[in-house]
Structure formats: structure tokens, C-alpha cells
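Because the structure is predicted, anything quoted here is derived from the model rather than measured. Lettering follows sequence order; numbering is per chain, from 1.
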Number of protein chains: 2
Amino acid sequence: MTLARIALHGGAGVIDRQHLGPEREARYRGELQRIAAAAWARLETGASALDVVESAVRDLENCPLFNAGHGAVLNHDGVVEQDAAIMDGRQRAAGAVAAALRPRNPIALARRILDDGQHVMLVGPNADRFAESCGIPRVDNTWFITPDRQAQLEMARAEGRVSLDHDQHAGPAPVTASGHSPDDKRGTVGAVARDAHGHLAAATSTGGMTNKRPGRVGDSPLIGAGTWADDATVCVSATGHGEYFIRCVVGHDIHARIAYGGQDLRSACGAVLDRVAAMGGDGGLIAIAANGEVLLPFNSAGMYRAWVAADGVLRVAIYGDDD
Amino acid sequence: MTLARIALHGGAGVIDRQHLGPEREARYRGELQRIAAAAWARLETGASALDVVESAVRDLENCPLFNAGHGAVLNHDGVVEQDAAIMDGRQRAAGAVAAALRPRNPIALARRILDDGQHVMLVGPNADRFAESCGIPRVDNTWFITPDRQAQLEMARAEGRVSLDHDQHAGPAPVTASGHSPDDKRGTVGAVARDAHGHLAAATSTGGMTNKRPGRVGDSPLIGAGTWADDATVCVSATGHGEYFIRCVVGHDIHARIAYGGQDLRSACGAVLDRVAAMGGDGGLIAIAANGEVLLPFNSAGMYRAWVAADGVLRVAIYGDDD
């Protein structure tokens, strides 16, 4: 029996069949299937968990359906500010970047910071400078912007909302020419993996919230909040209303409930999402425990997700009732 | 018996009597005494823990002896980039700022972000823009720079070191005209308090590391790492080699050991500092537990600190042997 496990998410939010529609649903399922299958194949041929979560998140960043990399949401200024983090469960080594404007794949910059080892986190224009000095491929900020995201920002601005990707209003949502609902609000992508050696890793990347205040950083790039990995316990990547996930230190809270409270993965994840909900937030997470248990809980209507657990079967799901 | 408690730190590092010298030691003790007495007086007259940690950190920022605000250390570019966070133990509300260049008192900006409530963390030039829009007093970045810090950077650059404030080399350290050792390397200031209503709060502020890579963010502004407060358990402000404190999620780890592991404050703080040390890091922290216990542990040679515990006596200490 293989030790390998993989789980991916493409964001949580108010995602339901009516608003998503069959055509877009099929596109999301197809992309999740493709990216998870590639990640699984790499794990099966001996790649490290760290390398696999990086490449899976890079694939999710490159897919315009998800709120990270190309197709990320826009801040109030109409600029894409990107946050990403990656963590290696072996030594708890980590790399994180926030409010970066230029790296084509923010997760590649986070990985470079991890490998460099001097610092854990770089932010703002200076993170872009470091990326440049390392030869991380860069693009003009406008490269990230899709017509759908532009429409989404214009709607959010008009309504004075700061909105999370994938959330949809009550009532039919207008749909842009490309079939993307402009008021999708909640995003973030992430991957967690256990490799053939039993090592854990986690990676997360996001454009944050549509119409967010420029410079705003959510939980994704914060080690212990949106991203966490420790071989002894669990690897976690979260998605949701970041401010609540920060205040609950979600990833490390799951770790601590397992390490100090003797809780199992399900109880630990349930308790922290209950705490997030009690504060007024929602979202979800993907987690793989040291014992190989894979869990993808969320308290929003849906979460784009794909995973391979102990049975080796690749599953893709979106709604709350299609696991 | 009053519920009120206060503890402050002005950074941890290789601080010993020989290098500090009696005159500088007296200045540090005098400033810690003055700032702690003012904070204690506010607590005694009914101020909230949140207001008191903010004003205490503001006082520490304004004192050029410490690595925060005026007198903060310089990054590799010769620029002061400031990080700060504040957290209210009542609802775990929090505000944080990283790599800000202009606010005269970074902790005032962190407090404004907490009060605003929309986001938890703002970084980089956009944090400065938000500060400006809120009327937070700002200064030109050069206002923060003291001749001592300039000399410190030049030495670190010449030696190719990235250095923490207050660390001193083996052997006599050169001293600048103002009596400040230019190779003081480790800083950060912080305050934790319990008020008359039993509420907890924590605040931390820092210029980070001398000669740090521009855009580098340490543990200070990360909720759960360098700054943490929850009325149910503990408030914490940390100081030390930030990268290790991030990877150990120091503040939240102490919280979790108490909340889920049933550990007492001393065991919890000891365990997390042991973990930091095992990874290769050092530093210290100040903490007040919900039960009123006050602890100021460190695994470096010294930590500038002041506190009032259950007996109502204000104490000031610097070295490992003068508690």
C-alpha cells in the first residue's frame, strides 16, 4: 500500500448547481481532474511532497478559473496583488510572499524563499525585486487580469463590497461573455500531499478578495494560518474569509489539537471550522494527517476540490453533497 | 487584590554587563522603568489592556534605544521598514502592518487596522497609503534613522551579516559617539497586559534585522507567531530570531499547550523556546496567563524587560541573573 496522498482545492464559497450551471461545472471538474491526476502521477513516481504541492499550485495558478496567478481577482485599484506560501513538513522550513505584483507564479517565488533559507517571508515591491534577482519568470501585472475579473471588480466597486471569490448573490447572477459569473467572490488555491516517504507538505496561493484594500494580506501566506505542514501531525491549506482564519490560526490550531489534545483529524478540523463560523467567517480546508487520513471539510456551500486517499481513487467534487 | 498585570520587553540578544557598560545599562533601566510605570498607572486607573499595550509600545517606539520607531534598524537599502501588530484577547480582534515606511508610530497604524475591522493585515506602500487616509501621523523615512543605526548597518554590510539587534560579538564592541554599540543586533519591543476586568492584550513593534533583505517580515506582525492574545488562555509578545519564531508559531503554540495540553504557563513557554532553540534560534517572550501569572523567559544572554506581577511591585531587568 502506498503512503502517497494528495488533495487540492480551488476555493470555497457560495457555489451551487443553479448558479454554476452544467457547462462551467464541467470545466471546473475537468481542470481539477487534470491537475490532480498530474500531481498524483508525480507522487506515484517518487516525487517529494514539497515538489508536488508546488507544481500542483503552479498548475492551479496557471488556470484562469481559479483566483491565483492568471485570473486572480483585482484589488480596489484594479491591480492583482498575490500571496502565496509553501511549507515542508520535514523541518518546518517555509517560504511566503505577500502583495507581490510581478512573479508569473507566486508559488515559485515562495519556494525560492524556502530554498534560499535566509528569511521566511518577503512582502510588497521588494518581494518582486528579490524574485527578479533570482530569475523567477515575471510578467506585467496586467497579464494576470482576465475580462471576468475586471467585470467582477466593477460590480464590487459599484456595490461598495469587498468580496471573496466564488460567493454568489441570492438570485441569478449575471454571467459574462466567457460564462464566468462576475460576482464569483471567493478563491484561493492550495495543495497538500504526503509522499512515498511519509513526508508532508502544503502550498497555498491567492489573489485575495475582489475590491480588497490594496496591501491587504489574508491567511494564505501566513505560516500557521492558511498554510501549515509538520510531518509529526498534519499538513493544511485553507480557503475562506482570511481575516477569521488568521484570528483562528487555522493550520496550527489543527496541528495543536492533534499534538497536544490527542484529537483525531476530523475532530480537530471540525472544531476549528466551528470556531471560524462562531466568529462569523466561513470557508474550508484540505488536510492530510501523518497517518494518511485525507479530509476536505468546509462550512460554505461548496468547495472546488480533488483528492486521492488510501484507496488510490482520484475523486473530484464541488458541492456539499457530491463527495 | 487587583487583576492588573503588565510586562514589557525591549528585545532579547547577546546582552552582557561587560559590553553594555554601566552608563548605557542605567539608560536602558531608566527608560524601561519610566515606560512601565506609565503603563501601570494607566492600568491602575482603569484603562483597558488594549489601550495600555498600545501606549506602552508607542513609548518604546519613541525611545531611540530600542529597535522600533525612531531608532529602528536599517535594511540592506538603508531604509527603515517597520512591522507591528496588536491583538485584543476579548474577541481575538487584531491589526497588523508589515514593511511600512512612513507612520511615525507603526503600532498606531496596527491599532487603526484593528479598530477599522475590515482587514487584519496591510503591508508595504499600500499600508502607508491607508495610514495617510486615516490621518495617522507620518514622517519621512529618514526621521527614524539614528547615527548609531547607520553605523550598525555599515558594519553589517561590510561583514556581509544580516544581524539581529542587541547581539554583540565576542570581544569588545566599538561604541559610537553616543555610547551605543554599533553592533547591537537584536531588537523588537512589546507589551502584554491584563486589565482590571481580566481582559488580555498584546502588542509588538520592530524594525526587524539590521541589513535584512528589503521586504523581509519577521514574526512580530504575524498573529499567532510574535503577537497573540486570547482572554481564555494567554497574551504573548515575542522577540528573537523571527524566522524560527514563525516556524514555531510561538504565541499560538503557548495558547494551544495551555488550552489543549493542560500545561501551565511556565511549561508551555519553556517547551516552545526549547523548540526554537532546537531549530537553531534564540530569543525570548513576555506572557501573562488568564490566571494572572506573568512570565518573561528567554534563551538568549539577556532581554530588556520590565513587569508588575501579583505583588504590585515594578521590576526592571536586563541580564539572565538579575530577576
Side-chain angles (χ1 to χ4, degrees), chain A residues 75 77 79 81 83 87 91-94 96-100 113 116-130 162 209 212-219 222-225 228 230 242-249 251-253 255-263 268 275 279, chain B residues 75 77 79 81 83 87 91-94 96-100 113 116-130 162 209 212-219 221-225 228 230 242-244 246-249 251-253 255-263 268 275 279:
Chain A
N75 73 12
D77 292 341
V79 170
E81 288 183 301
D83 305 336
M87 188 165 187
Q91 300 290 338
R92 291 192 185 177
V97 56
I113 293 167
D116 176 70
Q118 184 175 6
H119 296 317
V120 168
M121 187 173 201
L122 296 178
V123 303
N126 286 318
D128 292 301
R129 270 175 63 197
F130 176 70
V162 176
M209 302 160 84
K212 67 182 177 184
R213 185 164 283 149
R216 177 263 187 184
V217 176
D219 63 307
L222 303 188
I223 300 303
W228 178 257
D230 185 328
E243 279 69 14
Y244 298 99
F245 281 66
I246 294 173
R247 291 161 60 195
C248 290
V249 201
H252 188 265
D253 199 59
H255 157 88
R257 288 172 182 274
I258 295 170
Y260 311 136
Q263 297 183 21
R275 181 71 191 251
M279 283 184 171
Chain B
N75 73 11
D77 293 341
V79 170
E81 286 183 302
D83 305 336
M87 188 165 187
Q91 300 291 338
R92 292 191 184 178
V97 56
I113 293 167
D116 176 69
Q118 185 175 4
H119 296 317
V120 167
M121 187 172 200
L122 297 178
V123 304
N126 286 317
D128 292 302
R129 271 174 63 196
F130 176 71
V162 177
M209 301 160 84
K212 67 182 176 184
R213 186 165 283 149
R216 176 262 186 186
V217 176
D219 62 307
L222 303 188
I223 299 303
W228 178 257
D230 185 329
E243 279 70 12
Y244 298 100
I246 293 173
R247 292 162 58 195
C248 290
V249 201
H252 188 265
D253 198 61
H255 158 87
R257 288 172 181 275
I258 295 169
Y260 311 135
Q263 297 183 21
R275 182 74 192 246
M279 284 184 170

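When heavy atoms are compared at a cutoff of 4.5 Å, A/Asp83 does not approach chain B at all. Neither the backbone nor the side chain of B/Asp128 has a heavy atom closer than 4.5 Å to any heavy atom of chain A. For chain A, the nearby parts of B/Ile246 are the backbone and the side chain; heavy atoms of each come within less than 4.5 Å. Heavy atoms of B/Asp219 lying under 4.5 Å from chain A are absent altogether.
Residues A/Asn126 and B/Glu81 form a side-chain contact, since some pair of their non-hydrogen atoms from C-beta on lies under 4.5 Å apart. Side-chain contact between A/Met121 and B/Val123 is absent, with no heavy-atom pair separated by less than 4.5 Å.
Shown here for B/Ile223 and A/Val249, the closest heavy-atom pair between the two residues is O-CG2, 4.2 Å.
Distance alone, capped at 3.5 Å, places no donor-acceptor pair between the A/Arg247 side chain and the B/Val120 backbone.
For A/Gln118, the side chain to side chain donor-acceptor pair (under 3.5 Å) partners at least two apart in sequence or on another chain are B/Arg213.
Rounding to the nearest 0.5 Å places CZ of A/Arg216 at 12.0 Å from CD1 of B/Ile113. The CE atom of B/Met279 sits 4.5 Å away from the CZ atom of A/Arg92 when rounded to the nearest 0.5 Å.
With chain B as the partner, the residue from A/Ala93, A/Pro214, A/Ala256, A/Ala225 showing the most heavy-atom pairs under 4.5 Å is A/Pro214.
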